[in-house]
Amino acid sequence: AGSIFITKLIRANAEIVNPLISLCEQILNSDDKKSIVCALNLLKLTYSYMSSQNLELIVTRIIAIASRTSGDDLWLRCLIFDFFSNINNEDVQVDLNSLPVSLDLKQPLPLLIASLKLVIIKSNCQMADPVQVMQILLSVSESENLEITNDLIDVLVEKYPDQLVPYSTELVTNLSTSFMKTLEDSYNEENDKENILLGILNNILTIVMSTNDKNTILKLNDILSPIISSIMDNALLDFLELTIELVEELTNRSENVSHLDEVINSFKNFGFDYYEYYESYFVSCYCYGNLEERSSVTNLIKWILSENPYGYESDDSEFISFLSNIVVEMVLSCSENENDGGLSDEVFNKILQMIYNSAEDKQEFWESKTTFRCIMSGFYRKPMIIMELFGDNVHEILARFERLIDESVWCTVYDLKVGILGLLQIVKGSQEYQSIRAQSMNLLTKLCDRVNDAIDHRDQLIKYSFDENKDSLEDTNNFVPDEEFDELSKVTVLNKVDVFGDLKVFLENEI
C-alpha cells in the first residue's frame, strides 16, 4: 500500500522525487540496518529518475553495506541481492565479484535462493557456470518444493541454451524423477502439489523447446513417456494442455509422431471438452506422420462425426472450425502414391457436407475462409469431391473466391499458398474449358501479386509480437487481427510443399 501511495504521489508531483532520493542517501549513510530496508523500497520507485552518476554512487554504497553483512545480518544481504535482481540490467550494472555471493548449498535457503536469482539474472556467465547453477537448482528442487526454483530454471535455460542443451537429457531425467515423486507424494496439499507439478512441466517444456537435435529429442521422448502416460491414462486434466503441448513439441522437433495412440484415446475420453488443446498436435501428425499414423487421426475424425450423426449447428462454430482446420491439413497431406482405402475421401466429403448443413445462412457459407480453405485444398488433392458436392459450376465458385481476394479477406501467406495450389490444379484440368482457365489464371495473378506484401506483413507482425515497446512500430493499426495469423507459429503440411517452385515450373511450361 505504501509503494502504491508513493508511486501515485510521484506521478502527481514529480518534485517529491528529489527529497525521497535524499532520504534514501541519508538512510544508507546512517548504517541503521532496519531502516535500510525502507531505503531499498524507496530506491525501487525512484532509481529511474536518478542521474547515472548519482545512481552509481548509491549502488556502490549498497554493495559496501552488503559486504559487511554476516551472522544475524544475512537477512539484509538477501534483501540487497533481491533489490539488485529486480533492477533493470540496462539501468544498473552490478559487479557481482564485489558482492559476497555464494552458491554454497549449506547456507540458509533464503540466501541461497537470493544468490541464485542474482547470478542468473545479472550474470554474463563469468560469475558461475550455468551447468553448475542448474545442478544447484535441481538439488534445491529435490529437497524443497518452491515455485521460484521452477521459474529460475526456465530463465536459466532460456538465457543459456547453448551451454545447457548438451545436458538436457540429464536435466529432463532429474525433472521427470521429481515430477513422478511429487505426483505420488500424499503429504502435500493438493493446490501446492498442482502448482509444483505445473512448474516442473513448464521446465521440461522449456528444455525441449530449446533442443533442436533430433536424436536428443528422441531420447527425451523416451524419458518423458512415463509422465505423459500417467497424465493421459489417469485423466489428470489440470496438466492436459501442457502435456499435449509437450507431445506436440516432441513431434515437431523430431519430425516423428509421438504418443499418438495415447492422445487419440484421451480425446475419445474427454477431448470434446478440451478439443482446442488438440488441434495443433493433430496437424503435426499430418505434417510428419506416415500413412498409417495420418489414417489414425482421420479415423478419429470419422469417429467424431459418428458420435453426432445429425451434424452440428451454427452454435458449434468453434468446434466446426477445429475439425475443418484439421481436415484441410489432412487433404494437403494426401499423396497420389498412397492409398488409404477411400478413408480420407469419405471424411472430407462428410466434413464439407457438415459445414454446409451447419450454416443457417448459405451466403455466409460462401463468404467464409473456412469454406474456401476446404474447397481450395480439395481442388488441389480431391477435385472430384468438390465437383460432386457443388456441381460443375466452377465459374460461380471462383467468382465467390475472387470476392474474398478483392476484399482482402484471403490475405495470409498460408491462405495464399493454399489458393495457389488449388488454382494450379484447376488450370491444369481445364484445358478444354478456356473460360474457366482464363478465370483461374486471373485469380492466380491476383494471389501472386499479394505474396510479397503478405510476407512483409507477416515479418512485421512477428517483429511486433516480440517487441516489448509495441508503440515503437508504425502502422500497427493496419495489421490484420492476431487470430488471422495463427500461421506465425503454425506447423503445416504446406511447409513440405514447394508451392512457388510448382508455380514457377508451371509458368515456365506455359511460356
Enquirer: Quick one, Y380 with V497, criterion side chain to side chain contact (heavy atoms under 4.5 Å, CB included). Give me CA distance, side-chain angles, the key distance, then yes/no.
Expert: CA-CA 12 Å; Y380 173 52; V497 179; 3.9 Å; yes
Enquirer: First locate atom OG1 of T206, then atom CG of L156, and finally report the distance between them rounded to the nearest 0.5 Å.
Expert: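 Reported to 0.5 Å precision, the distance equals 11.0 Å.
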Enquirer: Could you tell me how the ring of F372 sits relative to the ring of F401: parallel (under 30°), tilted (30 to 60°) or perpendicular (over 60°)?
Expert: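 Correct class here is parallel.
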Enquirer: Looking only at side-chain N and O atoms, does N325 offer a donor or acceptor that is under 3.5 Å from a partner on E279?
Expert: yes
Enquirer: Do you know which two heavy atoms are closest between M209 and R253, and how far apart they sit?
Expert: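 Taking every non-hydrogen atom into account, O-NH2, 3.0 Å.
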Enquirer: Just by distance, do the side chain of K159 and the backbone of I120 share a donor-acceptor pair under 3.5 Å?
Expert: yes
Enquirer: Does the side chain of D82 come under 3.5 Å of the side chain of N86 through a donor N or O and an acceptor N or O?
Expert: yes
Enquirer: Output, in order, the C-alpha distance, side-chain angles, deciding distance and verdict of side chain to side chain contact (heavy atoms under 4.5 Å, CB included) for V491 and S280.
Expert: CA-CA 8 Å; V491 169; S280 295; over 6 Å; no
Enquirer: When rounded to the nearest 0.5 angstrom, what is the spacing between CE in M330 and OG in S377?
Expert: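 So the gap between those two atoms works out to 8.0 Å.
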Enquirer: Is it true that a side-chain atom of T371 and a backbone atom of E367 form a donor plus acceptor pair closer than 3.5 Å?
Expert: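 No, T371 side chain to E367 backbone: no donor-acceptor pair under 3.5 Å.
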Enquirer: In the structure I gave you, are the side-chain heavy atoms of C374 and F348 within less than 4.5 Å of one another anywhere?
Expert: yes
Enquirer: Could you tell me if the ring centre of W366 sits under 6.0 Å from that of F390?
Expert: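 Judged by ring-centre distance (under 6.0 Å), W366 and F390 do meet the cut-off.
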Enquirer: When rounded to the nearest 0.5 angstrom, what distance separates CG in L220 from CG in N215?
Expert: 11.0 Å
Enquirer: For a quick check under 3.5 Å, do D154 and N203 share a side-chain donor-acceptor pair by atom type?
Expert: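 N203 and D154 do have a side-chain donor-acceptor pair below 3.5 Å.
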Enquirer: To the nearest 0.5 Å, tell me how far L444 CG sits from L416 CG.
Expert: 11.0 Å
Enquirer: At their closest point, which heavy atom of D162 faces which heavy atom of P166, and how far apart are they?
Expert: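 Residues D162 and P166, closest heavy atoms: O-CD, 3.3 Å.
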Enquirer: If you count heavy atoms of other groups shown closer than 6.0 angstrom to NZ of K504, is the number above 12?
Expert: no
Enquirer: Within the 4.5 Å heavy-atom criterion, are H259 and S225 side-chain neighbours or not?
Expert: yes
Enquirer: Mind checking whether L105 and S139 have side chains closer than 4.5 Å, heavy atoms only?
Expert: yes
Enquirer: Other residues, nucleotides and ligands only: do more than 12 of their heavy atoms fall within 6.0 Å of NZ on K181?
Expert: no
Enquirer: Hey, could you give me the CD1/CD distance between I385 and Q353, rounded to the nearest 0.5 Å?
Expert: 10.0 Å
Enquirer: Take atom OH of Y356 as the centre, draw a 6.0 Å sphere, and report whether it contains more than 12 heavy atoms from other residues, nucleotides or ligands.
Expert: no
Enquirer: Can you find a heavy atom in the side chain of R381 that is under 4.5 Å from one in the side chain of S333?
Expert: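 With C-beta onward as the side chain, the pair stays apart.
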Enquirer: L260 versus V297: any side-chain heavy-atom pair under 4.5 Å?
Expert: yes
Enquirer: Within a 6.0 Å radius of atom NZ on K44, are there more than 12 heavy atoms belonging to other residues, nucleotides or ligands?
Expert: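 Yes, because the 6.0 Å sphere around NZ of K44 holds more than 12 heavy atoms from other groups.
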Enquirer: With no hydrogens and no angle check, do the side chains of T412 and D415 hold a donor and an acceptor under 3.5 Å apart?
Expert: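 T412 vs D415: donor-acceptor pair found between side chains.
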Enquirer: Looking at E307, I want to see if its CD is surrounded by more than 12 non-hydrogen atoms of other residues, nucleotides or ligands under 6.0 Å.
Expert: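 Yes, the 6.0 Å shell around CD holds more than 12 heavy atoms from other groups.
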Enquirer: What's the shortest heavy-atom distance between L332 and V493, and which atoms?
Expert: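 Closest heavy-atom pair between L332 and V493: O-CG1, 3.7 Å.
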Enquirer: Using atom types as modelled and distance alone, determine if a side-chain donor or acceptor of T243 lies under 3.5 Å from a backbone N or O of F239.
Expert: yes
Enquirer: For the residue pair S295 / D340, report whether a side-chain donor-acceptor contact shorter than 3.5 Å exists.
Expert: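 D340 vs S295: no donor-acceptor pair found between side chains.
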Enquirer: Report yes or no: does Q107 contribute a side-chain atom to a donor-acceptor pair with the main-chain N or O of D104 at less than 3.5 Å?
Expert: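 Checked: pair present.
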Enquirer: Would you check if there is a donor-acceptor pair between the side chains of E158 and S210 at a distance under 3.5 Å?
Expert: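 Their side chains do not contain a donor-acceptor pair, so the 3.5 Å distance test is not met.
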Enquirer: Under the ring pair (Phe, Tyr, Trp, His ring centres under 6.0 Å) rule, collect the residues that match up with Y277, sequence neighbours excluded.
Expert: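 Y277: ring pair (Phe, Tyr, Trp, His ring centres under 6.0 Å) contacts with Y274.
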Enquirer: Closer than 3.5 angstrom, by distance alone: can the side chain of D213 be matched with the main-chain N or O of T216 as a donor-acceptor pair?
Expert: yes
Enquirer: Looking at S258, is its backbone amide N or carbonyl O close enough to the side chain of T251 to form a donor-acceptor pair, meaning the two atoms are under 3.5 Å apart?
Expert: yes
Enquirer: Any donor-acceptor pair under 3.5 Å linking the side chain of E249 with the backbone of L246?
Expert: no
Enquirer: Do any N or O atoms from the side chain of S266 and from the backbone of V263 form a donor-acceptor pair under 3.5 angstrom?
Expert: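 It does hold such a pair.
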Enquirer: If you count every heavy atom of other residues, nucleotides or ligands that lies below 6.0 Å from E276 atom CD, does the total exceed 12?
Expert: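 Counting neighbours around CD of E276, more than 12 heavy atoms of other residues, nucleotides or ligands fall under 6.0 Å, so yes.
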Enquirer: Give the minimum heavy-atom separation between C287 and K496, together with the two atoms involved.
Expert: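 In terms of heavy atoms, the two residues are closest at O-NZ, 2.7 Å.
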Enquirer: So does I217 get a backbone contact from the side chain of N221, meaning a donor-acceptor N/O pair under 3.5 Å?
Expert: no
Enquirer: Do N234 and S230 get their side chains close enough for a donor-acceptor pair, meaning under 3.5 Å?
Expert: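 Judged by distance alone, the side chains do not pair up.
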Enquirer: Would you say K219 and S168 are linked by a side-chain donor-acceptor pair, where the criterion is simply a distance under 3.5 Å?
Expert: no
Enquirer: Specify the closest pair of heavy atoms between R294 and C285, including all atoms of both residues, with the distance to one decimal.
Expert: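 Closest approach of R294 to C285: CG-O, 3.7 Å.
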Enquirer: Taking C-beta and beyond as the side chain, do Y278 and E241 meet within less than 4.5 Å on heavy atoms?
Expert: no
Enquirer: Is it the case that more than 12 heavy atoms not belonging to Y167 sit under 6.0 Å from its OH atom?
Expert: no
Enquirer: Only one of W303, Y275, F272 passes ring-ring contact (aromatic ring centres under 6.0 Å, His included) with F267; say which it is.
Expert: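 So, applying the ring-ring contact (aromatic ring centres under 6.0 Å, His included) to F267 and each of W303, Y275, F272, only F272 qualifies.
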Enquirer: Quick one, W410 with R373, criterion side chain to side chain contact (heavy atoms under 4.5 Å, CB included). Give me CA distance, side-chain angles, the key distance, then yes/no.
Expert: CA-CA 10 Å; W410 198 264; R373 280 175 178 161; 3.8 Å; yes
Enquirer: If you apply the rule side chain to side chain contact (heavy atoms under 4.5 Å, CB included), what do you find for I375 with F379, and how did you get there?
Expert: CA-CA 6 Å; I375 287 177; F379 273 126; 3.6 Å; yes
Enquirer: Are the side chains of L201 and F179 in contact, using a 4.5 Å heavy-atom criterion?
Expert: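 Yes, their side chains come closer than 4.5 Å.
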Enquirer: Quick one: closest heavy-atom pair of L423 and L447, and the distance?
Expert: CD1-CD1, 3.5 Å
Enquirer: Is there a side-chain contact between L300 and F282 (heavy atoms, below 4.5 Å)?
Expert: yes
Enquirer: Could you grab the distance from atom OH of Y414 to atom CG of N495, nearest 0.5 Å is fine?
Expert: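 The OH atom of Y414 sits 9.5 Å away from the CG atom of N495.
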